[in-house]
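Below is one structure, written out as C-alpha cells; the observations come after it.
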Amino acid sequence: MLKNSHHQVTVFTLRELDLKYCIGCFGCWVKTPGLCVISDESSLVCRAYINSDLVIFASPIIMGFTSALLKKVHDKLLPLLHPYLDIVQNEFHHAARYDRYPSFGLLLKKGKDTDDEDLEIISAIYRRNAINLRTSLLFVKLMEDSPERIVYEINSL
Amino acid sequence: MKLTVFNGSPKGKKGNTQTLLDHFLSGFLSGGNHTCETFYLNEINGHEVNAINFSRAEHILMAMPLYHDSMPAVVKAFIEMLPSPSSHDVQGDIFFIIQSGFPEANHSRYLERYFKKLATRISRRYLGTIVKGGCNDISHRSDWMAKKIFKSLYGLGKFYGNGGSLDQKILHQLAQPETLKGVTLLFLKTGIKLGFMRSQFDRMLKKNRAYERRFDKPFLDSKEHKVSSKQEHS
C-alpha cells in the first residue's frame, strides 16, 4: 500500500538475514570506523537505514518488549554513531556520524499478555532510542489498527 | 541463602558487568552461610538450560550492560525462553544490575521500569535495580581508582546477605548523578565543544591505525554526501 502511494520501500525480513549479536567490542568505532567488524548482513540494514527518510520497526510484543530479533538489529546500528561524546537534551549521548538520520515509527503486534503499561514502557524506550539516533519516534501503531489508516497517517507526515 | 546470578553481558566473564558482580558477590558471601552460582547468557546455546535454572531458583540477580537504552539482544532472547509460571503464587524474588558507560543513571531508568514489570510477569517479588553509570572501563580500573564504587557494591552485597533486600541509601548514592545539572553540565558542554574526553577513543583509533578514518561514513549512497564527508576530513 505504501508502494502504491509513490514511496520507495525496502523491506527486510529479519529472520531471513544472517545477523550476529553485537558484543560491544567497539570495533566499528576504533578499528573499521562506521563498519561492524563481524561479517554478517547487518551492513545491508545499516546502509538502507541511513539512506531512508522513515524507518518502520515492526515486531510482535514478546514478554513485554519488541522481539530479540529486532533488538539484535538495534544493537547492530552502533556503527551509525560515533564514539565521541555529545550532549543532547542535557544528557550524554554518542556523537552523530552522519549528517542526517531517518525518523522512525513502531508497528507492534500485541501478545496475549500485553497491557497498556507494556505499550508505555516500549514507547518510552523507543523515544530514548530516537534521542540516541538523532531523530524522533513519529508513531506507535498496533497491527490491530487498519493498514489503510496507518498508510494514510504515514502519507500525512 | 543461595543466590543464582545471570550475567547478561555479551562479553561474559571479561566485561564490566562481571567486575561489578565480583564486588557485590564478595560482600554477599562475606557474611553468613551463603552460596552463589553464576550462569552466563552470552552462551546462546545455553538459553534453554539457563531458563530451567532460572525457574528453579529462589533468589535471582540478573546483571547486564545497557545496550541502546535497553537490554542486550542476547538477554532479550533469554527472557523469551522463560516459561510462564505455572501459578500466580510468588515464585521467589529477583533484582537487577544495569551498568552503562554514560555517567547518568537516567539512561538506565527506562529498562529498570521494564524489569519491574517483568518481575510481575514472571510472578517474582521485585527487590529493585542497582543502577551504575560511568562503568565504561571499570574492569581495567585499579581497586584504588574505583574504590568508592567497589565499596558500595560490597556494602550492597553484604546488606542483601543479611536481610535479603537492597540498601536504599547505597542504591541512591551509587546511582549519582541521576542527571547532569548546573555547573557540571556547563563544564561538560564546554569540554565537549573543545574536544576533550576523546582521548580514550583516539588512543585506540591510533593504535589500530584508524584515526584518519574516524569520521568515515561508509553507508552513504548519494555522491553529494560523500563530498561533504571528505571535506570534513581535510
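All of these numbers come straight from a predicted model, not from anything done at the bench.
- Heavy-atom pairs under 4.5 Å with chain B were tallied for A:Tyr49, A:Tyr21, A:Tyr126; the largest tally goes to A:Tyr21.
- Using a 4.5 Å cut-off between heavy atoms, B:Glu104 contacts chain A through its side chain alone, with no backbone atom that close.
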Evaluation steps, side-chain hydrogen bond (donor to acceptor under 3.5 Å, both in side chains), between A:Arg134 and A:Tyr98 | CA-CA 10 Å; A:Arg134 300 301 189 286; A:Tyr98 291 87; over 6 Å; no
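- The residues B:Lys117 and A:Glu120 are annotated as not salt-bridged, no charged nitrogen and carboxylate oxygen being separated by less than 4.0 angstrom.
- Because its NZ or CZ atom is not both nearer than 6.0 Å to the ring centre of B:Tyr110 and within 45° of the ring axis, A:Arg127 does not count as a cation-pi partner of that residue.
- Looking at A:Leu78, both its backbone and its side chain come within 4.5 Å of chain B, counting heavy atoms on both sides.
- In this structure, the ring of A:His94 has its center less than 6.0 angstrom from the ring center of B:Phe102.
- Remark: A:Lys31 fails to qualify as a cation-pi partner of A:Phe26 under the 6.0 Å distance and 45° angle criteria applied to the six-membered ring.
- In terms of heavy-atom pairs under 4.5 Å with chain A, the best-connected choice from B:Gln200, B:Arg113, B:Lys207 is B:Arg113.
- Only the backbone of A:Thr66 comes within contact range of chain B, with at least one heavy atom under 4.5 Å from a heavy atom of that chain.
- No donor-acceptor contact under 3.5 angstrom links the side chains of A:Asp75 and B:His68, judged on distance only.
- Residue contact with chain A, scored on non-hydrogen atoms closer than 4.5 Å, involves the backbone and the side chain of B:Leu188 alike.
- Comparing B:Asp202, B:Ile44, B:Ile192 by heavy-atom pairs within less than 4.5 Å of chain A, the highest count is held by B:Ile192.
- Looking at A:Asn132, only its side chain comes within 4.5 Å of chain B, counting heavy atoms on both sides.
- Contacts with chain A were tallied for B:His107, B:Met71, B:Lys189; B:His107 has the most, counting heavy-atom pairs under 4.5 Å.
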Trace of the side-chain hydrogen bond (donor to acceptor under 3.5 Å, both in side chains) decision for B:Ser9 with B:Asn7 | CA-CA 6 Å; B:Ser9 166; B:Asn7 179 340; 4.5 Å; no
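- Proximity to chain A (any heavy atom under 4.5 Å) is restricted, for B:Tyr211, to the side chain, taken from C-beta onward.
- Comparing A:Ile50, A:Asp86, A:Asp113 by how many heavy-atom pairs each has under 4.5 Å with chain B, the most go to A:Asp113.
- One distance of note links NZ of B:Lys11 with SG of A:Cys25; it measures 7.5 Å at 0.5 Å rounding.
- Heavy-atom distances place both the backbone and the side chain of A:Phe65 under 4.5 Å from chain B.
- For the atom pair CG (A:Asn129) and OG (B:Ser70), the distance works out to 6.0 Å, reported to the nearest 0.5 Å.
- Contacts of B:Leu118 with chain A are made by side-chain atoms alone, with heavy-atom separations under 4.5 Å and no backbone atom involved.
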